[in-house]
There are 2 protein chains.
Amino acid sequence: MCNQCNYENLLNASDLNATDNRLRVLEVIGNNSYPLSAADIFTTLKRTCSINRVTVYRILDLLVERGIVDRISTGGRAFYYGMAPNENHHPHPHFYCTRCGQMDCLTQDSLNVDTKALWKTFPGRIDKVEVRVDGICKNCMK
Amino acid sequence: MCNQCNYENLLNASDLNATDNRLRVLEVIGNNSYPLSAADIFTTLKRTCSINRVTVYRILDLLVERGIVDRISTGGRAFYYGMAPNENHHPHPHFYCTRCGQMDCLTQDSLNVDTKALWKTFPGRIDKVEVRVDGICKNCMK
DNA sequence: CATTCAATGCAATAAATTTGCATTGAGATT
DNA sequence: AATCTCAATGCAAATTTATTGCATTGAATG
Ligand SMILES: [Mn+2]
Ligand SMILES: [Mn+2]
Ligand SMILES: [Zn+2]
Ligand SMILES: [Zn+2]
């Protein structure tokens, strides 16, 4: 749940018109405390407005391309989406429950990843380092 | 490329009959120096023997379930497969080129991930920690 | 008022994987 | 030997997730 980010500003700063649909998608992602799948986002939006599934996919592509939203891979087949790192959102690892598909945010320092050496030596371009922990969540353990 | 692993033993140790197809899938994965997609594996096998795509998927599921092979997520839509950590294969991060889809193994120490704290405090079951670097590979940079 | 174009919708398609059911063939059982 | 059984595999259809092509709309611009 993010109270700091101004979604309209984020869109404008990336030269994107702040349309209702874009704002809605961004709010669903930003107001949630863990990453969501495109299906999750679509289902949530459908409850309060009329929007097409394809529009959600297209907006997500756009937001990812502009670096506003992060596309996060899971141990499953669907991508999940969360706010990309910015002044209010620091990079952090995620936990994916292979039983229920719920994804959680882990604290920034729960896993300590030192990427300095790699950045120096890697002979290509590095865009992103993704750390994901897979397992069974507390709820599903019972 | 692995010369240490005895694939037949690995299968037997997991109570799996060492069928020709299972050995072939495991050899393709083990003899390769980077993870492959199911399609890669299928294409490779089709060149020298007659095997069904579904059989490949089923064998991969089985090998993953038994912990012989690791299912590795990418920034793309398909899973990749590599030898699971064992005495000859230590856990390590991977690099995924978002342009050509090639996945590379990074050295165990190119990224230093400290998971001790998490293991102590996490209120669920942890099966796996996956670290993936996304970007553009040396070849695709040109 | 006419034109343009970004945003969206709708239907069809694609890619990757999974499922259901049939077939096969190597032992085990009679 | 004939029959039975069952794990392994094959083949076709279905599922899941995402993408593409083309039509529509409506606000901004001239
Ligand atoms: Mn997160
Ligand atoms: Mn590897
Ligand atoms: Zn769970
Ligand atoms: Zn590449």
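Chain letters run A, B, ... following the sequence lines, proteins first and then strands; every chain starts at 1.
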Rounded interatomic separation in angstrom, taking CG from A:Asn21 and P from C:dA6:
17 Å
Whole-Å distance between D:dT9 P and B:Asp20 CG?
8 Å
For the pair made of CG in B:Leu60 and P in D:dT9, what is the distance, rounded to whole Å?
12 Å
Would you say A:Asn52 reaches C:dC10's phosphate, i.e. side-chain N/O to OP1/OP2 under 4.0 Å?
yes
Is it the case that the side chain of A:Glu130 and the backbone of A:Ser73 share a donor-acceptor pair, with hydrogens and angles ignored and the cut-off at 3.5 Å?
yes
Measure from NZ on A:Lys46 to P on C:dT8 and round the result to the nearest Å.
18 Å
Any B:Thr19 side-chain nitrogen or oxygen under 4.0 Å from OP1 or OP2 of D:dA8:
no
Between B:Cys2 and B:His89, is any pair of side-chain heavy atoms under 4.5 Å apart?
yes
Looking at every non-hydrogen atom in both residues, tell me the closest pair between A:Trp119 and A:Ile126 and how far apart they are.
CH2-O, 3.5 Å
Write down the distance between CG (B:Leu16) and C1' (D:dC6), rounded to a whole number of angstrom.
16 Å
If you compare all heavy atoms of A:Ile136 against all heavy atoms of A:Cys97, which two are closest, and at what distance to 0.1 Å?
CA-SG, 3.9 Å
Rounded to whole Å, the CG-P distance (B:Leu63 to D:dA8) equals 12 Å
Expected string for nucleotides 17-23 of chain D under the B/S/- scheme (protein heavy atoms, under 4.0 Å, primed atoms plus P, OP1, OP2 as sugar-phosphate) is BBBBB--
Under 4.0 Å between a Lys/Arg side-chain N and an Asp/Glu carboxylate O for B:Arg66 and B:Asp15?
no
Whole-Å gap separating C1' (D:dT9) and CG (B:Leu62):
13 Å
Classify the ring geometry between B:Tyr96 and B:Tyr80 as parallel (under 30°), tilted (30 to 60°) or perpendicular (over 60°).
perpendicular
